[in-house]
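Working notes for the structure below.
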Amino acid sequence: MTAPRSAALVGNPNAGKSALFNALTGARQKIANYPGVTVERKAGRLVLPGGDAVELTDLPGSYGLNATSPDEEVTRRVILGELPGESAPDVLVLVLDAANLEQHLVFAQEVIALGRPSVVALNMVDLAERDGLVIDHLALEQALGVPVVPTVAVRRRGLAELTAAIAAAGERESDPHLAHVTMTERRVTAQAIADAAIVSETARHRLHAKLDKLFLHPWLGPLILFALLFVVFQAVFAGATPFADALEAGIGALTDLVRSSLPPSLVRDLLTEGVLSGVGSVVVFLPQIVILFFFILVMEASGYMARAAFLMDRLMAGVGLSGRSFIPLLSSFACAIPGIMATRSITDPKDRLTTILIAPLMTCSARLPVYAVIIAAFIPNRPVLPGVGLQGLVLLGLYVFGIVAAMLVALVLRRSVTKGAASGFIMELPKYQMPRPGDLLIALWQRAWIFLRRAGTIIFMVTVVLWILLNFPRAGEGENQVDASIAGRIANGLAVVVEPIGFNRDIALSLIPAMAAREVAVSSLATSYAVGAGDDEEQQAKALGERLAADWSLPTALAFLAWFVFAPQCMSTIAVTRRETNGWKWPGFMLAYLFALAYVFAGLTYWTAVWLGL
Amino acid sequence: MAAAAMMTLDLLPIGQPARIVAVDWALLAEEEALRLQALGVDAGAKVCVAYRGIFAGRDPIALSVGRMTVALRRAHARAMRVEPIAP
């Protein structure tokens, strides 16, 4: 018998697969997508006792070989060896939650019936013991006909035994009879096997029942959820500031270094004005994204996320979505990109598409710099109520405006473009668990890396293209470079289009580079107003604000704000939508409907304000 | 059994243990039916409504099934006939 070369972790969701995967492979994991689909493929190296290494993959959690979501479809096709470009794993490692044996045995029997070399990891036996369950793993081994190894992934218990069992897993005879058992029959057998293997079951002090009493309490539950959301927002917006400032300072120092060490040339300008300022303006959002993901990962790993979805389901059902859309939309307040990526957990394809399409309406952090400059310049800083300023109220209003618009758009989409049966909401509420710091760190690092890689590729490309558009053809003597450039000419054409909604040519010009990232609108307005305030950010923003207040009418400023509530001013969002929907159709639709709404609402705002005499 | 004792799952009071007697799968989408079966919400299962949502209609429902808690909507629960059993 030759040593296996590949193995895969298979099991129900919430069986502790990811923790086991991290414990077996360490932090060096490769994350990619399965070909043709947007399901994440996680792989790592596991060294066997003999010194050989196998490639271990962590398959998406699944309840059965009858797939009901894209994730489950991938698991089914990988196990059966039907996925092109992916050979069937040599050994299947079935991960079972010891505290939920009769449920997890249903899928386990289905996989074992295939006759492939298999090993069972009876995981989280410590939690089962905490719940008063004692399981005879040898009895289980006898009943299933494959090796059973008790493990506690988070304490690294049973890992050596499991690795040895994987190395020794051999060919088995498939039982043709077993392959045609119905789900109901399998459930009866699962119950019988579990009953036989459970040695004793004392009265359980089930911690999670007590926690549910609190978190799902009719009015305490929502209160806790909203308090938690407040903390998350506070941390994302206030907690990230020092880190973002430090990053910005670092990028500034790097820019100065390049500027002083290279002779003046187009290449130097491309590096400083194009690459560093463009990519840099996106990288400064890294602290916010890391903090947001920290909270999301903690909520997910602890089991609270499913409760949040439960609490929010009724509200989301009102607009034709389900509780599962809540988390992606919440993430979109930091950035639509992780939000759209998080829609993968939504099983219903119509639901998922609707959520992707409305995600850009959640006010992402990139819009804050734009809002901040305009509000500071045009909205008087006077208190409306004690402790409540008018400026803050306008900012809050813009957030609420985005949320209400998203809900209305979802309502309309579910009745037109993404029409279909009312989506259901069926999900397991997993047991509460203490998240393990090591697993959190690994997941956090992976998210941060995905974000940085995107900044280094897509955003880099777009920035360079925009820089070229702004710098060619070169201006002649006494001519403004921006006016002479291709972008400048496009802006002239664009100005005609946006004039009816109160925008001037400078705004039209700023909208073009803002396609790379919304906040670039601020710096490009600054450039085109030629405010030479040096490198001092605050000074620059202030000076820009004064110029804007002198140059723009209030209706124009308000229209500009309304525009940014809707406008899909972000190429990365479009790119990620293309990837997640496998084509240009939906990102195209997204661009069209968001621009249309932006135009209409900016126009409405402008003309209402003019009519009111503001 | 008495007809009065039979009811659909959406009407089951919180905390009352019950057995699912029959499920009208035709009322559910195929994918929903598969998902519910995979989670053990099927004829013969002993269940108990643990929590209900807070907003209009007290939707969705958190159902205890064996050692698991499963969230589902009232529309799904309406397809299931249950008989109350002694705790």
Side-chain angles (χ1 to χ4, degrees), chain A residues 12 14 62-64 66-69 72 97 99-104 106-107 128 131 133 182-184 187-188 190-191 194 204 206 208-209 212-213 215-219 221-222 306-307 309-315 317-318 322-323 347-348 420-431, chain B residues 9-10 13-17 19-80 87:
Chain A
N12 281 24
N14 310 311
S62 185
Y63 290 105
N66 265 325
T68 58
S69 75
E72 292 190 348
D97 174 6
N100 200 0
L101 199 54
E102 63 275 23
Q103 162 67 21
H104 286 205
V106 178
F107 181 38
D131 283 356
L133 276 178
T182 67
M183 173 92 81
T184 315
R187 187 165 293 285
V188 173
Q191 188 69 54
R204 298 155 303 200
R206 297 168 78 181
H208 67 280
D212 266 347
K213 208 161 251 170
F215 289 137
L216 297 182
H217 187 277
W219 56 271
R307 274 75 184 181
F310 181 84
L311 290 172
M312 295 306 291
D313 179 62
R314 186 64 193 84
L315 285 185
S322 86
T347 44
D348 183 299
S423 57
F425 175 64
I426 300 169
M427 74 186 292
E428 182 183 345
L429 302 182
K431 283 195 303 286
Chain B
L9 180 59
D10 58 315
I14 288 182
Q16 167 68 56
R19 180 182 288 109
I20 298 178
V21 181
V23 183
D24 187 355
W25 295 116
L27 287 179
L28 303 172
E30 191 196 342
E31 190 225 79
E32 292 173 340
L34 279 174
R35 190 153 281 271
L36 284 170
Q37 286 173 352
L39 288 165
V41 184
D42 201 346
K46 286 181 213 159
V47 298
C48 178
V49 174
Y51 299 94
R52 281 169 179 275
I54 43 155
F55 299 108
R58 309 226 54 200
D59 208 11
I61 294 171
L63 197 67
S64 298
V65 191
R67 274 178 251 275
M68 269 203 308
T69 310
V70 175
L72 47 84
R73 289 237 178 108
R74 263 178 43 173
H76 308 127
R78 210 169 288 140
M80 298 170 194

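Residue numbers start from 1 in every chain, and the chains themselves are labelled A, B, ... in the order their sequence lines are given, proteins ahead of strands. None of the values given here were measured: they were computed from a predicted structure.
- Most heavy-atom pairs under 4.5 Å with chain B, from the set A:L311, A:T184, A:L315, A:N66: that is A:L315.
- For the pair A:R187 (side chain) and B:A38 (backbone), a donor-acceptor distance under 3.5 Å is present.
- Contact of B:A62 with chain A is made through backbone and side chain together, with heavy-atom distances under 4.5 Å.
- The side-chain contact (heavy atoms from CB on, under 4.5 Å) test applied to B:K46 returns B:R19, B:I85, not counting sequence neighbours.
- Within the model, atoms NE2 of B:H76 and CZ of A:F425 stand 10.0 Å from one another, a figure rounded to the nearest 0.5 Å.
- Interatomic distance, CG of A:N12 versus CE of B:M68, reported as 7.5 Å (0.5 Å rounding).
- Taking 4.5 Å as the limit, some side-chain heavy atom of A:E72 sits within range of a side-chain heavy atom of B:R35.
- With a threshold of 4.5 angstrom between heavy atoms, A:K213 approaches chain B through its backbone and through its side chain.
- For A:F310 against B:Y51, the heavy-atom pair with the smallest separation is CZ-O, 4.1 Å.
- For A:A99, the part sitting under 4.5 Å from any heavy atom of chain B is the backbone (N, CA, C, O) and nothing else.
- Between B:R67 and the options A:Q103, A:K431, A:E102, a side chain to side chain contact (heavy atoms under 4.5 Å, CB included) holds for only A:E102.
- In this structure, CG on A:D348 lies 6.5 Å from CD on B:E31, to the nearest 0.5 angstrom.
- Distance check: B:L28 CG to A:I426 CD1 gives 7.0 Å after rounding to the nearest 0.5 Å.
- In this structure, chain B has a heavy atom under 4.5 Å from the side chain of A:P222, while its backbone stays farther away.
- Both the backbone and the side chain of A:D212 come within contact range of chain B, judged by heavy atoms closer than 4.5 Å.
- Considering every non-hydrogen atom in both B:D59 and A:R314, the closest pair reads O-CB, 3.5 Å.
- Counting all heavy atoms, side chain and backbone alike, A:M183 lies closest to B:L34 at CE-O, 4.5 Å.
- Residue contact with chain A, scored on non-hydrogen atoms closer than 4.5 Å, involves the backbone of B:I61 exclusively.
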